[in-house]
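Here the structure comes first, spelled out in structure tokens, and everything after it is commentary.
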Amino acid sequence: MDAQTQPRQRLLYLHARTPSVFSEILGYTLIEPVKGFRVEISGGEFEWPYTTVHDAVVDGWQIVQFPHLQSPFSDTDLDVVGYEFVLQKMEVIP
Amino acid sequence: MTDNEYLLTDVDMARFLVNGYHVIELDLPAGLNEHIAEQLDGLAANPGDAITESVPELWQVVEHPQVRGALISLLGEDYAVNSHRHWHCKLPGSGDMQWHQDGTNNRNTTIDRLLGLYYPHTITAEMGPTVIVPGTQFRNAPTDRMATYTNIRGQVPLTVPAGSFAITHYDLWHGTASNRSSVKRHMIKFLFNRTSGNSAPSWNHDPEALKRERDWDARDKAQDAVNILSFGNPLGVSQSDHYKERIIRQACWQELLGNQEQQEASRF
């Protein structure tokens with residue numbers, strides 16, 4: 001198989017409001033398996049493809065990492081925004 | 001002493017505590033923005049902190065009564081203009097800058113440092129605007145842990161008219177979009193420091209404003225300080241995070257009011 005016919009891993013980082021797949025997405029990063037691909041913060045209105053993690057799953061994305069809830073927790077401090085899910089789609093990229 | 005008309009109101013202050021930024025459209029002398037932009041266009045090298053020596057008209061911006069009024073409100077009458085400042089020139093075709101907080105991570109409730117971002121020309125979405133994430137100023141989030149974020153719900157691109165001055169909490173998450181235009185995007189960053197704690201409010205404070213009851217029907221549409229501080233949730237974060245945000249911002253509010261004892265009591 002060459003790179004043209006071999007399925008490649010598309011990655012989707014979704015930061016959800018809570019660890020539930022039904023909660024609203026607060027952060028969105030799509031990484032295409034294409035040489036030179038860069039992510040980019042939008043300077044204008046960003047159109048959200050999905051409202052929840054579940055929407056993405058319905059669209060064929062598979063969750064490969066769930067939020068790490070075993071990490072140290074503080075009830076007196078705030079750290080990152082939301083709970084990170086990592087999803088993938090294995091697809092042939094033309 | 002600054003004319004009270006330029007000091008912030010209780011509502012302005014509450015919104016700053018919730019969102020972490022305040023944008024002012026400065027009433028500058030005619031032609032000043034254009035003159036500054038032309039000088040910046042002509043600079044061959046970045047002079048770093050000496051940008052105010054290369055373009056001395058920038059002092060008219062920093063010392064403008066609207067800027068001073070906002071800074072006195074947030075940092076006290078005796079705030080200091082830090083010697084660090086920087087000209088951020090984003091060239092046509094240059095890429096974005098990912099999310100970060102400036103400095104290392106040891107956040108607290110105090111407002112003791114602010115960034116001031118001056119834009120001498122109108123900033124469009126294509127010019128690589130600064131993008132900020134409201135409400136992130138109290139988060140202890142190392143920049144490395146932001147590397148998997150790109151677009152965040154509630155992010156605000158500072159697409160602003162010429163002569164705008166954005167005051168942001170030093171710890172607010174920020175980045176920039178790519179410059180897809182054919183022009184240089186100029187922004188001058190200034191830094192301001194608190195030099196002493198408040199023993200009383202340093203803004204146009206109305207004690208009656210604190211007597212409002214919580215309005216559970218208004219919530220995020222609230223237009224008064226009490227309810228903005230209670231219900232403001234610009235990113236729509238979880239209940240757990242919102243409760244913690246609220247406690248931190250209330251502690252900060254008490255500190256700004258000069259109520260040191262209440263500030264200690266309200267911080268967990």
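In what follows, every chain begins at residue 1, and chains take the letters A, B, ... in the order their sequences are listed.
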Shortest non-hydrogen contact between A:Ser42 and B:Ala177, atoms and distance: C-CB, 4.0 Å
Interface check, chain B: of A:His15, A:Glu45, A:Arg38, A:Glu84, most non-hydrogen pairs under 4.5 Å belong to A:His15
For residues 111-119 of chain B, please give each side-chain donor-acceptor pair under 3.5 Å, one per line with the distance, not counting sequence neighbours.
unit_1: B:Tyr118; atom_1: OH; unit_2: B:Asn33; atom_2: OD1; d: 2.6
unit_1: B:Tyr119; atom_1: OH; unit_2: B:Thr130; atom_2: OG1; d: 2.6

Between B:Pro142, B:Gly236, B:Gly175, B:Ser240, who has the most heavy-atom pairs with chain A when the cutoff is under 4.5 Å? B:Gly236
Mind checking what makes side chain to side chain donor-acceptor pair (under 3.5 Å) contact with B:Asn193, not counting sequence neighbours? B:Asn82
Filtered by a 4.5 Å non-hydrogen cutoff, the part of residues 53-61 of chain A contacting chain B is none
Do you know which of B:Gln98, B:Gln239, B:Met146 has the most heavy-atom pairs with chain A at a distance under 4.5 angstrom? B:Gln98
Which atoms form the tightest heavy-atom contact between A:Gly43 and B:Pro129, and what is the distance? O-CG, 3.7 Å
Just do the side chain to side chain contact (heavy atoms under 4.5 Å, CB included) check on B:Thr176 and A:Ile41 with the steps written out, would you? CA-CA 7 Å; B:Thr176 63; A:Ile41 296 171; over 6 Å; no
Where does B:Trp173 contact chain A at under 4.5 Å (heavy atoms): side chain, backbone, both or neither? side chain
Applying side chain to side chain donor-acceptor pair (under 3.5 Å) to A:Asp77 and B:Asn140, what does each step give before you reach the verdict? CA-CA 7 Å; A:Asp77 203 0; B:Asn140 240 336; 2.9 Å; yes
Pick from A:Asp79, A:Leu78, A:Val86, A:Val39 with the largest number of heavy-atom pairs that fall under 4.5 Å of chain B: A:Leu78
Donor-acceptor pairs under 3.5 Å, side chain of residues 21-33 of chain A to any protein atom, not counting sequence neighbours: which ones?
unit_1: A:Ser23; atom_1: OG; unit_2: A:Arg17; atom_2: N; d: 3.4
unit_1: A:Ser23; atom_1: OG; unit_2: A:Thr18; atom_2: N; d: 3.0
unit_1: A:Ser23; atom_1: OG; unit_2: A:Thr18; atom_2: O; d: 3.1
unit_1: A:Ser23; atom_1: OG; unit_2: A:Thr18; atom_2: OG1; d: 3.3
unit_1: A:Ser23; atom_1: OG; unit_2: A:Ser20; atom_2: O; d: 3.0
unit_1: A:Glu24; atom_1: OE2; unit_2: B:Arg153; atom_2: NE; d: 3.4
unit_1: A:Thr29; atom_1: OG1; unit_2: B:Thr148; atom_2: O; d: 2.8
unit_1: A:Thr29; atom_1: OG1; unit_2: B:Thr150; atom_2: N; d: 2.8
unit_1: A:Thr29; atom_1: OG1; unit_2: B:Thr150; atom_2: OG1; d: 2.8
unit_1: A:Glu32; atom_1: OE1; unit_2: A:Arg10; atom_2: NE; d: 2.8
unit_1: A:Glu32; atom_1: OE2; unit_2: A:Arg10; atom_2: NE; d: 3.4
unit_1: A:Glu32; atom_1: OE2; unit_2: A:Arg10; atom_2: NH2; d: 2.7

Run B:Arg139 and A:Val80 through side chain to side chain contact (heavy atoms under 4.5 Å, CB included) and show every step you take. CA-CA 7 Å; B:Arg139 291 182 176 270; A:Val80 294; 5.8 Å; no
Shortest non-hydrogen pair, B:Asn151 vs A:Trp48, comes out as O-CH2, 3.4 Å
